[in-house]
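Scroll down for the structure; my scribbles are underneath it.
One-based numbering along the sequence shown. When reading the values below, keep in mind they use all heavy atoms of this one structure, side chains included, and skip hydrogens, waters and symmetry mates.
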Amino acid sequence: MQEKLLVVEDEENIRQNITDYFTDQGYKVVEAGDGEAALALFEAEKPDLVILDLMLPKLDGIDVCKTIRKEHTTPIIMVTARSEEIDKLLGLELGADDYITKPFSLRELNARVKAVFRRSRPVADHLEDVRVFGPLKINLDRREVRYNDETVDLTPSEYAILITLSENVGRPYSRLQLLTATLGESYAGYERAIDTHVSNLRKKIEPNPQKPIFIQTVYGLGYKFGDQYEPIQED
């Protein structure tokens, strides 16, 4: 099925170059030149991924990202001409799945898009590879998470954290290890962004996010997957 991208960029020549390139790569591309138009187009078109410029007229990329993340887990790659660390960290903390700074090559952007899609797609290494932890069930093949038999919608970053932690119950993972697992080594130095993803993940899968039983804090290091439930592997 042809994947659909929403390109949000106020500079027309850049937007057109991105649109033409990804159209040639086989994607369906819709485009917006400001934040308000982006949100309207997002609701109308239901894209599979958003390439979102940070600096936009009418409504900036930060507010667009916040609004999308309130109800949707659609992958977002943020783009900006600013390279300050605070901007990069803010984008990641808001739930962006990747971040690229202008100027960039279209090949590099394409590589980022492919990497985000790989993290968000089901894997097919095993037939119905499922991890069960009491009421929490993770189907790796379908990339599906259920709690008390209700589907839980996770962003690619939240899902990657959950998969990494649940692979080894009780093993502590540092923030850097989790950041590398979700976004790659190039994001070293932004470990604290993991805390926001973990906080959002807890709200979705924990009976009481203030007293987590699945994603537990390892003080001074990072996080681990709790061992309250004996893991069951379903094939």
Side-chain angles (χ1 to χ4, degrees), residues 1-8 27-30 32 35 38-54 59 61-79 88-100 112-124 130-131 133 135-166 178-179 181-184 187 190 193-206 209 212 214-215 223 225:
M1 183 172 61
Q2 189 180 33
E3 288 159 325
K4 185 187 298 183
L5 308 181
L6 170 58
V7 176
V8 188
Y27 295 92
K28 180 176 180 180
V29 183
V30 293
L39 290 177
L41 205 54
F42 180 89
E43 292 299 332
E45 295 288 342
K46 303 293 188 295
D48 300 297
L49 183 145
V50 181
I51 298 172
L52 177 64
D53 191 36
L54 186 63
L59 196 66
I62 295 298
D63 288 329
V64 172
C65 186
K66 283 181 181 178
T67 302
I68 291 174
R69 278 291 171 262
K70 286 179 182 179
E71 298 183 1
H72 304 279
T73 61
T74 306
I76 298 172
I77 297 177
M78 297 202 78
V79 180
K88 193 172 185 180
L89 180 59
L90 182 58
L92 297 176
E93 288 186 340
L94 287 172
D97 298 287
D98 205 345
Y99 193 106
I100 191 169
R112 300 291 186 94
V113 168
K114 288 181 177 179
V116 171
F117 272 135
R118 280 196 300 271
R119 293 199 299 268
S120 63
R121 285 173 180 145
V123 297
V130 180
R131 299 171 188 169
F133 305 90
L136 182 67
K137 181 179 290 189
I138 307 167
N139 188 313
L140 279 76
D141 286 331
R142 299 181 184 177
R143 196 189 171 277
E144 179 182 77
V145 177
R146 300 182 71 84
Y147 183 81
N148 283 336
D149 210 29
E150 294 289 331
T151 300
V152 180
D153 292 324
L154 302 181
T155 67
S157 296
E158 292 164 359
Y159 180 77
I161 291 171
L162 179 60
I163 293 303
T164 300
L165 291 173
S166 66
L178 291 175
L179 190 69
T182 56
L183 293 172
Y187 286 86
Y190 298 90
I194 288 296
D195 294 342
T196 301
H197 291 305
V198 167
S199 176
N200 293 334
L201 178 57
R202 282 172 169 167
K203 292 173 184 177
K204 295 177 180 181
I205 67 170
E206 296 285 358
F214 296 114
I215 312 299
Y223 301 95
F225 198 92

- request: Look up atom NZ in Lys137 and atom CG in Asn139, then write down how far apart they are to the nearest 0.5 Å.
  value: 8.5 Å
field: Chi angles and distances behind the side-chain contact (heavy atoms from CB on, under 4.5 Å) call for Ile51, Val79
entry: CA-CA 7 Å; Ile51 298 172; Val79 180; 3.7 Å; yes
- prompt: Judged by atom type as modelled, is there a donor-acceptor pair below 3.5 Å linking the side chain of Arg69 to the main-chain atoms of Thr74?
  reply: yes
message: Is the shortest side-chain heavy-atom distance between Val8 and Val50 below 4.5 Å?
response: yes
message: Given Ile138, which partner from the list Val152, Ile163, Val130 fulfils the side-chain contact (heavy atoms from CB on, under 4.5 Å) test?
response: Ile163
- request: Kindly give the heavy-atom pair with the smallest separation between Pro75 and Pro156, and that separation in Å.
  value: CG-CG, 3.8 Å
statement: Minimal heavy-atom distance between Phe225 and Leu165, with the atoms involved, is CB-O, 3.3 Å
message: Any carboxylate oxygen within less than 4.0 angstrom of a Lys/Arg side-chain nitrogen, looking at Arg112 and Asp98?
response: yes
- prompt: Donor-acceptor pair, Ser199 side chain versus Asp195 backbone, under 3.5 Å?
  reply: no
statement: Heavy-atom nearest pair, Leu6 first then Ala38, reads CD2-O, 3.7 Å
task: Find the distance between CG (Leu201) and CD1 (Ile194) and round it off to the nearest 0.5 Å.
output: 10.5 Å
Atom pair CG (Asp53) and CE (Met78), whose distance is rounded to the nearest 0.5 Å: 8.0 Å
Nearest non-hydrogen partners of Arg131 and Ser166, listed with the distance: NH1-OG, 2.8 Å
query: What do you reckon, is NZ of Lys28 surrounded by more than 12 foreign heavy atoms closer than 6.0 Å?
result: no
message: If you apply the rule side-chain contact (heavy atoms from CB on, under 4.5 Å), what do you find for Leu154 with Leu162, and how did you get there?
response: CA-CA 9 Å; Leu154 302 181; Leu162 179 60; 3.9 Å; yes
- request: Indicate yes or no for a side-chain donor-acceptor contact from Glu206 to the backbone of Phe214 under 3.5 Å, with no hydrogens or angles considered.
  value: yes
message: Whether the Asp153 and Tyr159 side chains hold a donor-acceptor pair (N or O, under 3.5 Å, no angle test) is what I'd like checked.
response: no
query: Is a donor on one side and an acceptor on the other found under 3.5 Å between the side chain of Asp48 and the backbone of Lys4?
result: yes
field: Closest contact, heavy atoms only, Ile161 versus Val198
entry: CG2-CG2, 4.3 Å
- prompt: Taking Glu158 as the fixed residue, which of Arg202, Lys204, Lys203 is the one that meets the side chain to side chain donor-acceptor pair (under 3.5 Å) rule?
  reply: Lys204
task: Answer whether the closest heavy-atom distance between the side chains of Phe117 and Leu49 falls below 4.5 Å.
output: yes
query: Do side-chain atoms of Asn148 reach the backbone of Glu150 as a donor and acceptor pair under 3.5 angstrom?
result: no
- request: Give, for atom CD1 of Ile215 and atom NE2 of His197, the distance between the pair rounded to the nearest 0.5 Å.
  value: 13.5 Å
query: Side chain of Asp97, backbone of Ile76: donor and acceptor closer than 3.5 Å?
result: yes
message: Do Val64 and Leu52 make a side-chain contact, defined as non-hydrogen atoms from C-beta onward lying under 4.5 Å apart?
response: yes
- request: With rounding to the nearest 0.5 Å, note down the distance linking OH in Tyr223 to OG1 in Thr164.
  value: 14.0 Å
query: So, for His72 and Phe42, which heavy atoms are closest and what is the spacing to 0.1 Å?
result: CD2-CE2, 3.4 Å
- prompt: If you measure from CG on Leu39 to CG on Asp63, what distance do you get to the nearest 0.5 Å?
  reply: 9.0 Å
